[in-house]
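Residue numbers count from 1 along this sequence. As the structure lists them, so they are numbered: ligands from 1, and atoms in each ligand from 1. Atom set for the values below is all heavy atoms of this structure, side chains included, hydrogens, waters and symmetry mates excluded.
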Amino acid sequence: MEVHRIRAAVLRKKGGPLEIESVEMEGPREDEVLVRLVASGICHTDIDFCDDWDEADTPVVLGHEGAGVIDRVGRSVKTVRRGDHAVLSYESCGHCRQCRSGHPAHCKRLYEANFGFKRLDGSNALQRSGVRGHFFGQSSFATHALATERNLVKVSKDLSLELLAPLGCGLQTGAGTVMNSLKVSAGKSMAIFGTGAVGMAAAMAARIVGANPVIGVDIHPMRLKLALELGATHVIDNRHDEVASRIADITGSGVDYVVETTANPKMHRLAIDVLNPQGTVALLTGENGIDLPEGRRTLGIIEGDAVPQRFIPELIALYRAGQFPFDRLVKFYDFSEINQAIADAKRGDTIKPVLRISEV
Ligand SMILES: [Zn+2]
Ligand SMILES: [Zn+2]
């Protein structure tokens with residue numbers, strides 16, 4: 001197999017900083033493609049991994065919102081060729097019942113495929129350098145990544161790859177929650193707890209499906225202001241206002257849906273408290289759902305139940321139509337500024353950082 005010398009941001013210290021190093025990568029295998037990355041979004045899962053990572057573990061390369069140009073194609077790959085532009089998304093096995101029935105977000109091997117830091121056969125393309133890759137089937141904080149046809153979405157060349165990069169995880173998750181998982185219909189009321197990239201995507205989708213009212217809740221005034229422009233009909237500043245009573249003022253009761261993105265136990269509790277009978281709290285926080293009295297329920301959601309090859313083109317079409325203006329969320333950084341980008345996202349100053357890795 002070919003060996004490529006690449007540059008990758010390696011996590012060797014709990015909480016970072018990430019160090020950009022030279023690393024050897026083996027591949028692509030016959031079912032893989034080698035992607036030269038043009039850009040990568042930074043998602044909160046990357047940041048959480050950085051902070052929770054155990055230093056006794058082998059160093060890893062994170063990043064799971066890659067976008068780039070196909071550089072080499074394995075023998076059995078049919079749907080893309082060298083020179084194509086692609087957005088990378090989450091990985092799935094392609095063989096289990098859920099994958100075969102069109103629900104890869106419920107893949108039986110989802111955890112291994114995305115968080116295992118190896119291929120599903122146990123191998124690791126970065127082994128020679130003593131580093132683990134394959135995060136979400138990509139590890140996109142690097143100049144090159146290996147991907148498969150299951151987590152690769154071919155995109156048109158007339159839109160810039162650096163803009164499209166964040167569609168692969170955070171934006172797909174927020175919009176997919178509203179459009180695929182909850183299938184929210186016109187006139188339903190919704191609160192969105194946390195107006196980061198995922199919450200903003202949910203707000204844009206809520207406007208598209210005609211939900212009303214759509215109430216954004218956050219502690220950053222800058223984000224609340226933008227939420228009003230992008231899809232929220234009302235906002236509540238959680239530092240100054242009492243959320244439950246403000247929601248009651250706005251709706252006259254509670255809300256039909258809460259999209260909970262904060263992973264704060266208090267907000268989880270509050271989400272249930274403000275829910276109408278038959279209502280649903282969508283947990284985008286890694287927790288599992290449960291049934292509650294009066295038909296209320298919480299629902300654990302992964303990647304907005306999106307099939308990336310179908311949903312990402314849909315989001316791109318909505319963007320072109322002016323209905324999904326996610327460019328408003330993005331701030332670009334040079335690859336070498338990766339630690340600054342992470343710090344800005346943690347503070348809440350940048351909603352969606354995107355790293356510029358190479359020229360198209
Ligand atoms: Zn599967
Ligand atoms: Zn993510």
Side-chain angles (χ1 to χ4, degrees), residues 9 11 18 31 37 39-53 60-67 87-121 134-141 145 147-153 164-177 181 194 196-202 259-263 282-287 300-309 311-312 315 326 329-330 338 341-342 345-346 350-355:
L11 175 66
L18 303 176
D31 64 338
L37 291 159
S40 176
I42 297 177
C43 177
H44 265 280
T45 308
D46 297 310
I47 298 174
D48 292 344
F49 241 91
C50 234
D51 289 342
D52 297 339
W53 183 71
V60 293
V61 180
L62 298 168
H64 61 285
E65 290 183 343
V87 169
L88 308 186
S89 187
Y90 70 96
E91 181 63 312
S92 54
C93 84
H95 300 295
C96 71
R97 215 169 119 150
Q98 288 86 330
C99 279
R100 280 188 284 114
S101 64
H103 299 283
H106 298 280
C107 173
K108 223 174 145 182
R109 303 181 74 184
L110 192 79
Y111 187 84
E112 296 175 71
N114 292 281
F115 300 103
F117 290 100
K118 53 192 173 196
R119 294 185 181 98
L120 285 171
D121 69 4
H134 307 281
F135 188 54
F136 280 76
Q138 47 177 303
S139 287
S140 61
F141 293 164
T148 70
E149 287 176 298
R150 294 184 303 282
N151 74 328
L152 182 143
V153 182
L164 301 181
L167 290 171
C169 183
L171 300 177
Q172 161 172 276
T173 298
T177 295
S181 315
V198 174
M200 290 289 191
V259 176
E260 165 27 17
T261 72
T262 71
L283 299 170
L284 277 59
T285 54
E287 295 154 278
I301 291 173
I302 296 164
E303 294 288 343
D305 292 297
V307 177
Q309 291 76 9
F311 196 56
I312 289 174
L315 293 178
F326 69 96
L329 311 177
V330 171
I338 186 166
I342 289 173
K346 266 181 157 171
T350 299
I351 296 175
K352 174 51 73 180
V354 173
L355 303 168

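- Between the Tyr90 side chain and the Asn114 main chain, no donor and acceptor come within less than 3.5 Å of each other.
- Atoms of the protein (N, O or S only) found under 2.8 Å from the Zn ion (ligand 1) are Cys93 SG, Cys96 SG, Cys99 SG, Cys107 SG.
- No donor-acceptor distance shorter than 3.5 angstrom exists from the side chain of Gln172 to the backbone of Ala175, with no hydrogens or angles considered.
- Of the N and O atoms on the side chains of Glu91 and Gln138, not one donor lies less than 3.5 Å from an acceptor on the other residue.
- Residues Leu152 and Glu149 form no side-chain contact, since every pair of their non-hydrogen atoms from C-beta on lies 4.5 Å or further apart.
- Atoms CE and CG, on Met200 and Leu171 in that order, are 11.0 Å from each other to the nearest 0.5 Å.
- If you count the protein N, O or S atoms nearer to the Zn ion (ligand 2) than 2.8 Å, you get 3.
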Apply side-chain hydrogen bond (donor to acceptor under 3.5 Å, both in side chains) to Asp46 and His64, showing your working. CA-CA 8 Å; Asp46 297 310; His64 61 285; 2.9 Å; yes
Audit row: Leu18, Ile342, side-chain contact (heavy atoms from CB on, under 4.5 Å) steps and yes/no: CA-CA 10 Å; Leu18 303 176; Ile342 289 173; 3.8 Å; yes
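- One distance of note links SG of Cys50 with CG of Leu11; it measures 4.5 Å at 0.5 Å rounding.
- The aromatic ring centres of Phe115 and Phe49 sit less than 6.0 Å apart.
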